[in-house]
Undergrad: 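The structure is given below, and queries will be raised subsequently.
Just so we're on the same page: letters track the sequence lines, and every chain starts at 1.
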2 protein chains.
Amino acid sequence: MISHKIVPNISVDCVVFGFDFEKLNVLLVERELKDEKNGEILISDHTLAGYHIFEDEDLDSAASRILKGLTGLDNIFLEQFGAYGQLDRVSAPKDKVWFEHINKGFADRVVTVGYLALIDNTKVTLRLKDRNVSWFPVTTVSEMEMAFDHKFLFYEALQALQRKVKVEPIAFELLPDYFTLSQLQKLYEALLGTSFDKRNFRKKVAQMHYVIPLKKKQQGVAHKPAQYYLFSREVYEKTRKGRISFII
Amino acid sequence: MISHKIVPNISVDCVVFGFDFEKLNVLLVERELKDEKNGEILISDHTLAGYHIFEDEDLDSAASRILKGLTGLDNIFLEQFGAYGQLDRVSAPKDKVWFEHINKGFADRVVTVGYLALIDNTKVTLRLKDRNVSWFPVTTVSEMEMAFDHKFLFYEALQALQRKVKVEPIAFELLPDYFTLSQLQKLYEALLGTSFDKRNFRKKVAQMHYVIPLKKKQQGVAHKPAQYYLFSREVYEKTRKGRISFII
DNA sequence: ACACAATGTGTAATATGTACACGAACCTTG
DNA sequence: CAAGGTTCGTGTACATATTACACATTGTGT
């Protein structure tokens with residue numbers, strides 16, 4: 001049984017990425033604080049999905065818990081990208097108000113551990129509407145109002161993602177179980193902000209023996225149907241020479 | 001002015017690497033706890049260099065402070081490799097004794113942020129002897145007695161180092177300002193536990209325009225003297241195409 | 001002057017990266 | 001049912017990078 005007694009000065013924040021076959025998106029929570037008397041909106045902006053850890057849970061468990069609550073999914077790809085303990089994390093006046101409100105003066109400075117989560121959009125669509133949580137294109141984040149240092153944390157996560165995606169086959173976490181090569185290419189282009197030549201991209205993928213063509217083809221599309229592919233982690237683990245770069 | 005009031009449940013631990021032109025070493029602190037009455041040694045093993053953070057300092061500052069105290073050096077390469085908050089970090093009986101002793105029952109579980117530090121051995125040799133701190137070859141760590149989860153943290157740091165060294169020019173942090181290509185090769189071999197062909201290694205380095213030959217040569221060696229080289233971060237920043245891999 | 005020890009260099013075969021254009025398959029529309 | 005629209009899937013020539021492999025050079029020490 002979990003106590004739910006929080007550790008006041010330690011939190012986790014999750015930067016959850018998703019891909020809609022067009023662009024990369026991030027899951028953000030709408031934050032709203034109303035004046036208790038007149039209902040006037042004091043704060044309205046966005047935060048990452050995060051919360052204090054509980055006294056009897058690991059950092060990883062805390063992040064899993066938050067993601068489960070948000071998406072209903074277990075077994076999401078989840079990896080730390082850093083710990084942040086700047087003294088001025090809560091510096092804007094509005095954040096101070098909020099901080100007082102939720103933190104009840106427990107701690108001056110909260111150290112937060114940032115988690116990068118990658119999820120397959122096709123497996124989660126529903127449970128989001130009933131909460132104040134939604135997807136935002138990563139390209140729009142720069143113009144958004146965000147709480148605390150969450151915009152900074154977001155960019156830290158994005159950088160970590162871009163670094164890792166070149167070296168480990170984690171991009172597949174953002175795709176459904178089977179996918180076309182064009183989808184894979186669009187994903188890498190969205191992740192890295194570049195564009196690739198189709199033939200060269202496919203030549204590269206052909207060397208990755210863990211991206212395996214299926215018999216299945218696309219159906220009901222108004223053009224030549226594409227073949228579906230599969231990412232096999234087993235084959236990846238067995239065949240990697242430590243040399244493969246996912247940079248195209 | 002720093003208050004020196006500690007945050008009881010947050011610490012940093014530094015895994016400090018050095019290179020002696022032969023092998024990779026790590027800086028460890030000897031830990032000894034004696035019985036207050038009869039002087040009997042209760043614990044004798046090794047820990048990473050770490051301590052609680054202070055209430056009015058950042059995580060990075062705490063790590064810098066610890067390293068400064070240990071080596072007398074500022075401006076050391078320092079990078080987080082992870083945050084660790086397992087509930088059983090202090091599980092062995094001896095560690096519990098120690099924990100009670102230094103922590104005075106303040107907190108049940110300490111979250112520690114791991115820092116990877118790379119230092120140029122030639123700049124620090126002195127100040128270590130007067131403390132219970134010394135260098136150990138990384139290859140011997142597996143057989144050492146270590147406190148808490150510090151052996152685990154060490155291996156986490158080593159893995160992070162091996163990953164990063166392939167992708168960023170951080171190995172140079174372990175070398176003096178100028179160095180020979182043989183030294184550079186030995187370093188990479190020590191870091192990655194492999195060995196390279198001399199000619200191919202040098203061909204690879206020749207592509208790295210930020211490794212610049214000096215006029216200077218070795219002196220007083222009983223063989224053909226080697227040329228010295230320099231790592232230029234400026235040239236690196238300017239000329240990197242995002243493609244260079246430090247994997248040889 | 002000779003032995004010793006580490007430095008510094010080239011070539012050929014293979015693999016990888018890059019630039020670039022068009023027919024094929026399926027759906028939609030008139 | 002023919003024509004048009006859209007995305008899929010493919011090959012070649014050139015430049016660059018990787019790999020495997022052996023010996024003369026330059027200094028010191030005796």
Undergrad: As a test of reading the structure: which of D:dA22, D:dT12, C:dT7 is closest to the side chain of B:Ser182, going by heavy atoms?
TA: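 Closest nucleotide among those given: C:dT7.
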Undergrad: Is the distance between the ring centroids of A:Phe179 and A:Phe172 less than 6.0 Å?
TA: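 Ring centres of A:Phe172 and A:Phe179 closer than 6.0 Å.
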Undergrad: Check whether the side chain of A:Lys203 and the base of C:dT18 form a donor-acceptor pair under 3.5 Å.
TA: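 When only heavy-atom distances are counted, A:Lys203 does reach the base of C:dT18 through a donor-acceptor pair under 3.5 Å.
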Undergrad: In whole angstroms, how far is the P atom of D:dC23 from the NE2 atom of B:His223?
TA: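 After rounding, the gap between these two atoms is 22 Å.
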Undergrad: State which of D:dG9, C:dC26, D:dG27 makes the closest approach to the side chain of B:Pro225.
TA: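 When the side chain of B:Pro225 is considered, D:dG27 is the closest of D:dG9, C:dC26, D:dG27.
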Undergrad: As a test of reading the structure: which of C:dA24, C:dC20, C:dA5 is closest to the side chain of A:Asn200, going by heavy atoms?
TA: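 Among C:dA24, C:dC20, C:dA5, the one nearest the side chain of A:Asn200 is C:dC20.
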Undergrad: Take a 6.0 Å sphere around OH of A:Tyr178 and say whether it holds more than 12 heavy atoms from other residues, nucleotides or ligands.
TA: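 At most 12 heavy atoms, drawn from other residues, nucleotides or ligands, come within 6.0 Å of this atom.
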Undergrad: Look at A:Arg202 and D:dG9 and indicate whether a side-chain polar atom (N or O) is within less than 4.0 Å of OP1 or OP2.
TA: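 True: A:Arg202 side-chain N/O within range (under 4.0 Å) of D:dG9 OP1/OP2.
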Undergrad: Grab the CD-P distance between A:Gln207 and C:dT18 for me, whole Å please.
TA: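 After rounding, the gap between these two atoms is 11 Å.
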Undergrad: Rounding to an integer number of Å, can you tell me how far A:Arg199 CZ sits from D:dT12 P?
TA: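 The distance from CZ of A:Arg199 to P of D:dT12 comes to 11 Å, rounded to the nearest Å.
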Undergrad: Please classify the nucleic acid contact of B:Gln227 as base, sugar-phosphate, or nothing, using heavy-atom distances under 4.0 Å.
TA: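 Sugar-phosphate: the residue B:Gln227, judged by heavy atoms under 4.0 Å, touches backbone atoms but no base.
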Undergrad: If you take atom types as modelled and just measure distance, does the side chain of A:Lys198 reach the base of C:dT18 with a donor-acceptor pair under 3.5 Å?
TA: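 Answer no: no donor N or O sits under 3.5 Å from an acceptor.
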Undergrad: Quick one, A:Asp177 with A:Lys123, criterion salt bridge (Lys or Arg N to Asp or Glu O under 4.0 Å). Give me CA distance, side-chain angles, the key distance, then yes/no.
TA: CA-CA 10 Å; A:Asp177 295 337; A:Lys123 292 210 179 109; 3.6 Å; yes
Undergrad: With hydrogens left out and only the distance checked, is there a donor-acceptor pair under 3.5 Å joining B:Lys217's side chain and the base of D:dT25?
TA: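 Absent.
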Undergrad: Can you tell me if the side-chain N/O atoms of B:Gln219 get under 4.0 Å from OP1 or OP2 in D:dG27?
TA: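 So the side-chain polar atoms of B:Gln219 never come under 4.0 Å of the phosphate oxygens OP1 or OP2 of D:dG27.
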Undergrad: Identify whether the distance between the nearest side-chain nitrogen and carboxylate oxygen of A:Asp58 and A:Arg65 falls below 4.0 Å.
TA: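 Salt bridge between A:Asp58 and A:Arg65, a charged N being under 4.0 Å from a carboxylate O: no.
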Undergrad: Please state how far atom NZ in B:Lys224 lies from atom C1' in D:dT26, giving the value in whole angstrom units.
TA: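 Going from B:Lys224 (NZ) to D:dT26 (C1'), I get 6 Å.
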